[in-house]
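Computed from a predicted model, the values in this text were never measured in an experiment.
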Amino acid sequence: MALALGLPSLEAQSIAPITHENYTLPNGLRVILAEDHSAQVVTVNVWYNVGARNERPGRTGFAHLFEHMMFQGSDNVKKGDHMALIERGGGNMNGTTADDRTNYYESLPSNRLNLGLWLEADRMRSLKITKENFENQRETVKEERRLRIDNQPYTGAFLNALTSVIDPKTCFAYAHETIGSMDDLNAATLDDVIDFHKTYYRPNNATVVVTGDFQPNEAKALIAQYFGDIPAGPTPPAVECEQPFNTGLQRKSVTDTKANLPAVLVLWRIPEYKSADWPALELLSTILGAGESSRLNQAVVREAKAAVEAQALAGVGPRRGPNVFGTLGIANQGVSPDSVEKLLTTQVQSIVSGGVNAEELAKAKNAFRASRIAGLETSMGRAEALQEATMYLGDSKAVTSNIDRFLAVTVEDIKRVAAKYLRPDNSTIVLIKPETKTP
């Protein structure tokens with residue numbers, strides 16, 4: 001039976017399986033092949049099992065710095081030629097860094113599969129780590145930090161607040177920013193970078209996914225030819241993280257010299273992505289703070305006119321460790337931060353005590369399902385989804401079944417996880433204050 005507002009029933013609306021094959025080379029390189037001839041495009045997608053979580057105190061930002069280093073040339077590819085070769089071949093490429101992984105990809109016309117695989121193998125085998133390349137890219141990353149974080153209102157304060165809920169003494173892995181600090185970037189040495197490459201950029205610490213219009217036998221032959229003789233490295237050190245929940249309410253205050261209005265963040269610790277509670281928490285964040293019809297936008301922005309913006313989030317991307325659920329309100333002119341905080345917490349407590357209704361949950365599920373389907377329409381989207389299922393859920397087959405976790409969430413689940421995690425003794429409240437300007 002259809003729900004009100006024209007929302008269709010989501011029963012039995014699962015995603016068609018993505019047929020794929022897994023195997024591992026003798027050097028430990030994991031390979032996933034997903035053949036699909038619907039378009040003449042192929043994607044080569046490499047995830048290295050290294051991100052900000054693998055960094056240590058005093059040496060943050062290395063994972064992101066190394067993402068830049070990977071485009072500085074290798075034995076058979078001059079600096080800048082990786083991008084040029086892909087563009088001339090009619091493709092596109094990039095790399096990104098997150099807490100748990102660093103990825104590199106090329107999407108190409110299907111007759112250029114060999115180019116994407118060869119380029120990735122050459123830089124895995126023989127990256128040019130020189131003093132000149134290192135110094136150049138360190139300055140590039142520092143400028144990126146200035147441009148995207150330090151000189152943007154709220155951004156630096158938000159990122160600092162999101163990491164502040166994790167104890168750096170027991171879980172440094174998730175208690176610092178991915179881009180790293182200026183002090184740590186300045187302190188980095190060439191030897192540090194060389195050691196980082198030797199430790200993490202080895203075939204036994206990587207997964208290659210190929211999706212799209214290719215023949216499996218050809219892909220296997222190319223992968224064996226290009227990657228097969230790259231020597232494995234030692235097993236990287238394990239990441240240690242112990243983060244207790246419900247350790248008492250904390251309050252913090254920071255000054256943002258770029259902000260014009262005060263803002264309030266109310267944050268709670270939540271578990272890793274594969275937790276059975278995660279789908280309900282993610283759908284709750286949609287109901288609470290995503291879009292014009294969300295509870296925070298309706299109550300705090302439109303009705304109370306207390307904030308110019310109000311949002312909610314569940315997680316700083318997927319993680320294999322503790323994450324954060326947050327609500328944000330940027331105070332309207334003349335409105336006190338205390339008033340914004342009270343409105344934010346009131347909306348959360350209303351869900352703890354009264355839950356959500358079926359229409360809200362159905363709308364959140366529809367949004368999730370639509371986003372998931374859209375993400376799987378391209379070879380790149382399918383490659384990323386296979387990588388995510390493998391890393392965060394422990395099984396590439398979860399690329400299909402993961403949606404069922406979300407569609408199975410009930411209104412009772414939403415209320416239960418809100419009561420379990422969004423409690424005062426599990427929260428951190430951060431006040432972001434504009435700089436006081438003297439006349």
Side-chain angles (χ1 to χ4, degrees), residues 28 46-70 72 95-104 124 127 129-131 133-142 144-146 148-150 156 158-207 232-244 247 269 271-273 315-324 391-392 428:
V46 182
W47 275 29
Y48 289 91
N49 185 12
V50 59
R53 75 195 297 262
N54 301 93
E55 296 165 353
R56 56 187 173 87
R59 289 296 183 267
T60 63
F62 263 60
H64 179 241
L65 172 61
F66 220 89
E67 175 204 321
H68 285 253
M69 291 292 295
M70 284 287 278
Q72 297 307 296
T96 65
T97 310
D99 289 327
D100 284 48
R101 57 90 187 132
T102 309
N103 78 337
Y104 305 91
M124 181 187 289
L127 185 69
I129 306 176
T130 65
K131 183 174 177 57
N133 288 343
F134 165 59
E135 295 291 354
N136 177 273
Q137 292 311 299
R138 172 163 55 181
E139 292 307 310
T140 298
V141 171
K142 287 165 63 177
E144 182 181 347
R145 182 183 172 94
R146 294 185 191 100
R148 295 174 53 190
I149 297 176
D150 296 341
F158 289 170
L159 292 175
N160 182 266
L162 293 172
T163 58
S164 72
V165 303
I166 307 299
D167 187 344
K169 295 179 181 178
T170 61
C171 186
F172 184 77
Y174 298 107
H176 65 282
E177 298 170 24
T178 301
I179 199 168
S181 71
M182 282 293 194
D183 287 344
D184 288 356
L185 290 169
N186 285 329
T189 68
L190 181 61
D191 285 342
D192 290 331
V193 177
I194 292 171
D195 288 344
F196 195 85
H197 182 260
K198 288 179 179 178
T199 302
Y200 297 107
Y201 276 74
R202 312 311 304 163
N204 51 305
N205 199 48
T207 300
T235 301
V239 173
E240 297 182 359
C241 174
E242 294 184 10
Q243 176 57 63
T247 55
R269 299 184 193 98
E272 63 185 332
Y273 185 77
V316 189
R319 280 180 180 172
R320 290 171 288 174
N323 219 316
V324 57
M391 174 168 283
Y392 300 114
T428 299

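To the nearest 0.5 Å, the span separating CG on N204 from OG1 on T207 amounts to 10.5 Å. Here R319 contributes atom CZ and E272 contributes atom CD; the two are 11.5 Å apart, rounded to the nearest 0.5 Å. In this structure, I194 CD1 and T199 OG1 are separated by 11.5 Å, a value rounded to the nearest 0.5 Å. Here the OG1-OH distance, from T102 to Y201, works out to 4.0 Å after rounding to the nearest 0.5 Å. The line from CE of M391 to OH of Y273 is 13.5 Å long, rounded to the nearest 0.5 Å. Taking CD of E144 as the reference point, atom CG of D150 lies at 11.0 Å (rounded to 0.5 Å).
Screening residues 46-63 for salt bridge (charged side-chain N to carboxylate O under 4.0 Å, His left out), with sequence neighbours left out, gives R53-D100, R59-D192. Among residue pairs with one or both ends in residues 160-183, those qualifying as salt bridge (charged side-chain N to carboxylate O under 4.0 Å, His left out) are R145-E177; sequence neighbours excluded.
Annotation for A63 and A52: closest pair CB-N, 4.0 Å, computed over non-hydrogen atoms. Across all non-hydrogen atoms, the minimal contact from V141 to H64 is CG1-ND1, 3.6 Å. Residues A175 and P168 approach most closely at CB-CA, 3.6 Å, considering heavy atoms. Between V239 and A173, the closest heavy-atom pair is CG1-CB, 3.6 Å. Taking both residues in full, the closest heavy atoms of Q243 and R269 are given as NE2-NE, 3.1 Å, listed atom of the first, atom of the second, then distance. Taking all atoms of both residues into account, the shortest heavy-atom contact from K142 to M182 is O-CE, 3.2 Å.
When atom types are taken as modelled, the side chain of R138 and the backbone of L185 share a donor-acceptor pair closer than 3.5 angstrom. Not one N or O on the side chain of N49 forms a donor-acceptor pair closer than 3.5 Å with the backbone of N205. At least one donor-acceptor pair closer than 3.5 Å links the side chain of N323 to the backbone N or O of G317. Between the side chain of T60 and the main chain of S181, a donor-acceptor pair closer than 3.5 Å is present. Using a distance-only test at 3.5 Å, with no hydrogens or angles considered, no donor-acceptor pair links the side chain of Q72 to the main chain of N133.
Checked against side-chain contact (heavy atoms from CB on, under 4.5 Å), T140 has the following partners two or more places apart in sequence or in another chain: H68, N136, Q137.
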Full working for side-chain contact (heavy atoms from CB on, under 4.5 Å) between T163 and L159: CA-CA 6 Å; T163 58; L159 292 175; 5.9 Å; no
Full working for side-chain contact (heavy atoms from CB on, under 4.5 Å) between H197 and R202: CA-CA 8 Å; H197 182 260; R202 312 311 304 163; 3.8 Å; yes
side-chain contact (heavy atoms from CB on, under 4.5 Å) between F66 and I129, intermediate numbers included: CA-CA 10 Å; F66 220 89; I129 306 176; 4.0 Å; yes
Candidate pair M70 and L127, rule side-chain contact (heavy atoms from CB on, under 4.5 Å), full reasoning: CA-CA 7 Å; M70 284 287 278; L127 185 69; 3.8 Å; yes
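Note: Y200 and Y48 fail the aromatic proximity criterion, with ring centroids not under 6.0 Å apart.
At most 12 heavy atoms of other shown residues, nucleotides or ligands fall within 6.0 angstrom of atom CD in E240. Heavy atoms of other residues, nucleotides or ligands lying less than 6.0 angstrom from CZ of R148 number 12 at most.
Counting only heavy atoms from C-beta outward, the side chains of M69 and F62 never approach each other to under 4.5 Å. Looking at heavy atoms from C-beta onward, H176 lies out of side-chain contact with I166 at the 4.5 angstrom threshold. Inter-residue side-chain proximity for V50 and F196 is flagged as met; some heavy-atom pair is nearer than 4.5 Å.
Note: Y392 and W47 have perpendicular aromatic rings, judged against thresholds of 30 and 60 degrees for the angle between ring planes.
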